[in-house]
Every structure is written in structure tokens, then in C-alpha cells.
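Notes follow the structure.
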Amino acid sequence: MRFSVEWLEGAPNRAPEERATAAELQIWLGDSNAALHFTGERPGSFVHMPVYTLAEGLALDWWRLFGSREEEISLKRYRSGYAVPDVRMRFDGAAFEVHAEQSVYRNPDVRFWAGQSETLNREEAEATLGQFIETVLERLQGRSVEGTTAALRWARVCASRGDPEERAFCEAAAALGEDPYAIANAAAKMIDQSAGIFKDEALTEFLAGARGKDAQRLLAWIDGARQMPNYIARLGDLPGLSAQAARTAPAIEGEPGWARGYRRARACRAALGLADADRVKTYKQLAKRLGNAHFRAKSSVDGIRVLREDDNHGVMLHLRSREGGSAPTEQLFSFARGVGDVACFPEPDIAPVNDLLHAYRQSCGRAFAAELLAPIREVCAMWEDGRDCVTIADEFGVGEMVIEHQLENKKRIEQACAA
């Protein structure tokens with residue numbers, strides 16, 4: 001990702017920060033210029049606008065960009081009336097993904113094409129966005145435009161980035177949907193309490209998943225689960241299994257979360273001696289295979305499905321209970337996701353399994369559970385025999401959507417497992 005800015009002199013804009021930063025802007029994703037567009041029938045290769053509005057938006061949303069795990073943020077959010085390409089960004093905790101969607105404006109008629117995608121690591125994304133903001137601020141300073149919102153906010157962001165504790169707090173606040181510099185007391189208390197349990201990415205994913213939930217009830221559930229007798233939740237064979245899976249399917253730098261999940265699941269099935277045709281249809285069956293015939297779920301709660309907890313004696317998975325017709329399949333899949341968290345991240349940790357869709361760690365566990373419980377080769381064999389998704393799902397003890405997703409993802413599952 002790269003911003004190309006050519007400054008224009010003598011712009012007619014009334015606001016001094018806009019007048020000083022009028023420019024011809026291009027945004028490059030790989031070798032594709034996301035600013036390519038048609039105005040009526042006339043093609044254009046750059047956007048003519050004051051780029052201050054983009055720099056201000058990025059500075060104000062800095063922690064939201066890197067703290068949220070579910071939000072996809074578009075540059076159109078900062079367009080301030082100007083025609084801007086729909087460049088969308090999301091950070092999943094490991095990869096910063098950027099892509100351009102087709103976008104159409106009316107009066108005047110402007111149409112941007114869908115563009116190339118690009119994936120950056122966090123350091124690359126921070127450097128690219130930070131350099132753009134600083135380029136704009138340097139232009140303002142050179143034109144004696146001081147004290148702008150962007151300059152004041154960026155100074156605070158830079159100070160926070162330089163302090164590891166403050167940086168972690170700001171990212172945690174953003175995970176909760178809060179502005180770290182104007183945070184409510186209740187949210188700040190939630191962060192402090194959560195930081196006493198979780199660290200680093202596990203803390204961010206927990207808070208993002210707890211957003212909008214009853215925070216105190218959720219924390220009380222975690223506290224209660226951790227105080228229950230260990231024999232209920234400990235899985236004695238899981239650490240050895242996860243270590244073996246990590247050796248068989250070592251991590252690949254830069255791989256998507258789903259790819260690691262699929263590979264580790266296949267390695268775990270082999271380590272457990274499970275052929276493709278073998279079924280594990282309840283969480284108690286799976287727990288027994290992992291060394292605990294007495295495993296049972298805890299009470300119900302919103303905001304977490306499984307709490308993974310490592311201590312000096314091994315690994316425990318605290319599974320929330322469910323009621324209703326879909327409870328058996330949901331609990332099996334959630335429990336398998338907890339197993340996947342240990343298999344994909346074998347270093348001792350305390351971490352949540354929750355409902356986040358795009359977070360890297362949750363993506364690993366979700367892919368792991370799907371391939372562990374419903375291996376794609378057996379699913380495809382049944383599908384080719386004329387069985388439908390409902391019948392196949394019942395056979396494996398999973399939800400129908402799991403089978404649908406396995407069939408949709410067949411090609412990339414096999415590609416990942418062949419790596």
C-alpha cells in the first residue's frame with residue numbers, strides 16, 4: 001500500500017488546512033492504482049482533493065484501525081464530501097488487509113473500479129499510514145497551519161505508541177469500541193479487570209468479543225470457572241497432542257489463520273489415530289480421547305464460548321453450557337475450537353474462544369474445529385454419494401453450516417494441507 005501525493009498551489013478552499021493540502025492523490029495496492037476512475041465518460045488516474053481530511057480521519061481512528069477485530073474501515077468514511085475510492089482496511093491481529101471495492105458517486109457521476117488486494121503485517125501498515133499522516137502534517141507546518149485536530153491527535157497517538165502500557169490500553173479501549181482518550185469509567189475498569197486475566201492478543205480478542213455484553217457477569221463467569229475443581233476441565237493428553245501437531249504441521253510465516261487451523265486439525269486427527277471415516281459426535285467423546293472422561297460444561301454466559309487456561313499442571317478448557325435443540329452441535333464445535341486454540345498456539349496461555357468472525361486466533365480455531373470434526377475428504381465422499389448437507393451434518397454431529405463451509409472451502413483446505 002502506498003499513497004502518492006502531488007501538492008497543488010493556489011487552491012480555492014476556504015479552510016486553511018484544506019487549502020494547504022489540496023493535491024492529486026493516488027493510492028496504490030500492489031501495482032494497482034485504486035484512484036483510477038471515470039467521471040462521466042472521461043477517465044482519471046488521480047483524485048483531486050485536500051488530503052487533510054484523510055489524514056485527520058486516520059489519526060482519529062488510529063486505535064480503531066489496530067484495536068478492532070471486526071470492523072472494516074473505508075477511506076470513504078473520511079471523504080468530507082469529496083469522491084474517494086472505497087479502499088477498505090481491516091486488522092485481524094496478525095495481518096492488515098487492504099482492498100478496493102467498486103464505488104459509484106452521483107452529481108457528478110464518478111465511478112471507481114474494484115481493485116487489487118494487499119496484505120501487510122502490522123509494522124508495514126503502521127509505517128505506511130503513519131508516513132502519510134506525517135507528510136500531510138509537514139505540509140501544514142510548512143504553510144504555517146498549526147494546531148489542527150489531526151496534529152493534536154497524532155501527537156497523542158505517537159506518545160501512546162511510545163509507551164507499551166499505554167499502547168496496550170489504547171488498543172484494548174478500541175476493542176471495546178471506546179476512544180482511549182475519552183473513555184468511560186466503566187469501560188476503563190473492564191479493561192483493568194480483564195488485563196488481570198488476559199495478555200496481548202488474547203486480551204484484545206476477549207474485549208472485542210465482550211463488546212456490548214454484560215461485562216461484570218462475564219468476568220464473574222470466568223472467575224467462577226477458574227475456581228472449579230480442575231478434574232472437571234483438565235485435558236491431560238492435549239498438551240502432548242498439540243506439541244506433536246505443531247511438529248507435524250509447523251507454523252508458516254504469514255499464513256492465514258484458517259490455513260494453520262486446517263493443517264493442525266489434520267495433524268491432530270492423525271495423532272489421535274482417527275481415519276477420515278471415524279466420527280467424534282459429542283464433546284464428551286472428544287474430551288475422553290484427550291484424557292478426561294469426567295469433563296463437563298459450566299453455566300451459560302454471553303460473550304465467551306470456551307475459556308482456555310494453562311497452568312503448571314497442564315491445560316484446562318472451560319466450556320459454557322447450552323440448552324435447546326442445537327446445543328449438542330454447538331457445544332461440540334465450541335469445544336473443538338478450544339482444542340484448536342491449544343493446537344494452533346501451544347505456548348501456555350489464557351485465551352477466549354468467542355464469536356469474533358475475523359480475528360486471527362478465532363479464525364484458526366474455527367477452521368481447526370471444522371476439519372477435525374468433519375474432514376473434507378470424507379465430506380466430499382459423502383456428497384459425491386448423493387448425501388445432502390443436512391444428512392452429512394447429522395452424521396458428523398455438527399451444524400449444517402459447517403458442512404456447507406467445508407464444501408465451499410474444499411480447494412483452499414487441500415491447498416493449505418498440502419503446504
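Predicted model, so just to flag it, every value in this text is computed and none were measured.
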Heavy-atom pair with the smallest gap, counting every atom of Lys76 and Ser103: NZ-OG, 3.1 Å
Looking only at heavy atoms, the pair that brings Thr149 and Leu60 closest together is CG2-CD2, 4.2 Å
Does atom [atom1] ([X]) have a neighbourhood of more than 12 heavy atoms from anything else shown, all under 6.0 Å?
X	atom1	result
Asp385	CG	yes
Lys213	NZ	yes
Asp200	CG	no
Met228	CE	yes
Arg217	CZ	no
Arg289	CZ	no
Lys288	NZ	no

Side chain to side chain donor-acceptor pair (under 3.5 Å) between Gln141 and Glu146, intermediate numbers included: CA-CA 6 Å; Gln141 188 176 35; Glu146 306 285 351; 4.6 Å; no
Counting only N and O atoms by type, is there a donor-acceptor contact under 3.5 Å from the side chain of [X] to the main-chain atoms of [Y]?
X	Y	value
Gln406	Val402	no
Glu178	Ile183	no
Glu17	Tyr52	no
Arg269	Leu372	yes
Asp349	Ala351	no

Measure from NZ or CZ of Arg320 to the centre of the six-membered ring of Trp221 and say whether it is under 6.0 Å with the direction within 45° of the ring axis. no
Looking at Phe396, I'd like to know if the NZ or CZ of Arg279 sits under 6.0 Å from its six-membered ring centre while staying within 45 degrees of the ring's axis. yes
Roughly how far apart are Ile403 CD1 and Met382 CE, rounded to 0.5 Å? 8.0 Å
In Å and rounded to the nearest 0.5 Å, what is the CZ to OH distance from Arg111 to Tyr105? 14.0 Å
Asp109 vs Arg106, test: salt bridge (charged side-chain N to carboxylate O under 4.0 Å, His left out). Steps then yes/no. CA-CA 4 Å; Asp109 292 334; Arg106 300 301 182 196; 3.6 Å; yes
Would you check if the distance from the ring center of Tyr231 to the ring center of Phe295 is below 6.0 Å? no
Just checking Trp113 against Phe38, ring centres under 6.0 Å apart? yes
Side chains of [X] and [Y]: donor-acceptor distance under 3.5 Å anywhere?
X	Y	result
His99	Glu97	no
Asp388	Thr391	yes
His318	Glu309	yes
Ser160	Tyr181	yes
Gln362	Arg337	yes

